[in-house]
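The structure appears right after this line, and notes come after that.
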Amino acid sequence: MLKPTQAYCLLLKSFGPQGWWPVTRNGITEHRGGPKSEGEKWEVVVGAILTQNTAWTNVEKALAEMRKQNSWSIESVATATEKKLEKAIRSAGYFRQKAKYLKETAKYIQKNYGSKIEKMFSQPIGALRYELLSLKGIGPETADSIILYSANKPRFVVDAYTRRICGRLGWPHSTYKETQEFFESNLPEEVKLYQEYHALLVKLAKRHCLKREPLCENCPLEKNCSRPNDA
DNA sequence: TACCAGGTCCTCG
DNA sequence: CGAGGACATGGT
């Protein structure tokens, strides 16, 4: 069976570095890993919530609209009316729920950390994750996305794509935790590696494993993929 | 038309 | 716990 490190090498060689998470600069979406400014960290948090079960193109419109109507910063989101937020993020779907989630999150950071997101991130990963999970609207994947791409700490992100690919490769995929532990115990604990790996899996999924029926032509993992499942 | 998109919450058994 | 439904827009 293919090992996670081997798969990573094949994917990287085939697709090149992806540089996640996407951040906006001068109205343009930029893909870049590594450290981020305070504003970019907040953008990742907002994006992580808005992109739940939603195409990123729809999220981009919502992000732009939030900026346009001046309900962007932690303070602004914390104090904006839900109606106003809903209007801004409408394109991202589930807009009533997500408006609540964003507002609650912003209020939490404002109240407990003086709107300094960096301060919240300065605690150990376990404590941070526990705290994020206590917020309504932040589940395991969103929490780990925030930890990995906003706080720049090592937590492997598992999403629907990751699970589907794991199913096809014969890797553990029955629960979130199982899949996450599989990657984390088989890889060196490096932030950049985790960031790139997740991004590469998303790329692979979109190119070859998107549909129920995989498109195996030119798939970098084809030779090593047993496809035992169709999960 | 129907299905899908970088999930999460709530309610039941 | 785990399954099942609700949440909602925009693209193919």
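Numbered from 1 within each chain, the chains take letters A, B, ... in sequence-line order. What you see is a predicted model, and the numbers here were worked out from it, not measured in a lab.
The distance between atom OH of A/Tyr101 and atom C1' of C/dA6, rounded to the nearest whole Å, is 10 Å. Residue A/Asn58 contributes atom CG, which lies 15 Å from atom C1' of B/dG7 at whole-angstrom precision. Atom-to-atom, CZ of A/Phe95 to C1' of B/dA5 comes out at 17 Å; the value is rounded to the nearest Å. C/dC7 atom P lies 16 Å from atom CD1 of A/Ile89, rounded to whole Å. Computed from coordinates, the A/Lys100 NZ to C/dC7 P distance equals 12 Å when rounded to whole Å. With rounding to whole Å, A/Lys206 atom NZ is found 8 Å from B/dA5 atom C1'. Atom CD of A/Glu65 and atom P of C/dG10 are 11 Å apart (whole Å). The interatomic distance linking A/Glu141 (CD) with B/dC9 (C1') rounds to 15 Å, in whole Å.
Checking the phosphate oxygens (OP1, OP2) of C/dG11, a side-chain nitrogen or oxygen of A/Lys61 falls inside 4.0 Å. Phosphate proximity of C/dA8 to A/Arg90: absent, as no side-chain N or O sits under 4.0 Å from OP1 or OP2. OP1 or OP2 of B/dT8 sits under 4.0 Å from a side-chain N or O of A/Thr142. Side-chain nitrogen and oxygen atoms of A/Lys136 include at least one within less than 4.0 Å of the OP1 or OP2 phosphate oxygen of B/dC10.
Take the nearest nucleotide of DNA chain B for A/Leu133 and for A/Trp56: the residue whose nucleotide is more 5' is A/Trp56. Heavy-atom distances to DNA chain C give each of A/Thr57 and A/Gly93 a nearest nucleotide, and the one nearer the 5′ end belongs to A/Gly93.
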Check: What do the steps show when you test A/Gln18 against A/Glu196 for side chain to side chain donor-acceptor pair (under 3.5 Å), and what is the final call?
Finding: CA-CA 6 Å; A/Gln18 303 298 302; A/Glu196 262 310 312; 5.4 Å; no
Notebook entry, point to check: Taking it one step at a time, do A/Asn186 and A/Thr5 satisfy side-chain contact (heavy atoms from CB on, under 4.5 Å)?
Noted result: CA-CA 8 Å; A/Asn186 281 285; A/Thr5 46; over 6 Å; no
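Nucleic acid contact for A/Leu201: none, since no nucleic acid atom lies under 4.0 Å from a heavy atom of the residue.
Between the side chain of A/Thr54 and the backbone N or O of A/Ala92 there is at least one donor-acceptor pair closer than 3.5 Å. For A/Lys98 (side chain) and A/Gln52 (main-chain N/O), a donor-acceptor pair under 3.5 Å exists by modelled atom type.
Going from the P atom of B/dC10 to that of C/dA8 covers 14 Å, rounded to whole Å. For the C1' atoms, the distance from B/dA5 to C/dA3 is 22 Å, rounded to whole Å.
A ring-ring contact (aromatic ring centres under 6.0 Å, His included) with A/Phe183 holds for exactly one of A/Tyr176, A/Tyr194, A/Trp171; it is A/Trp171.
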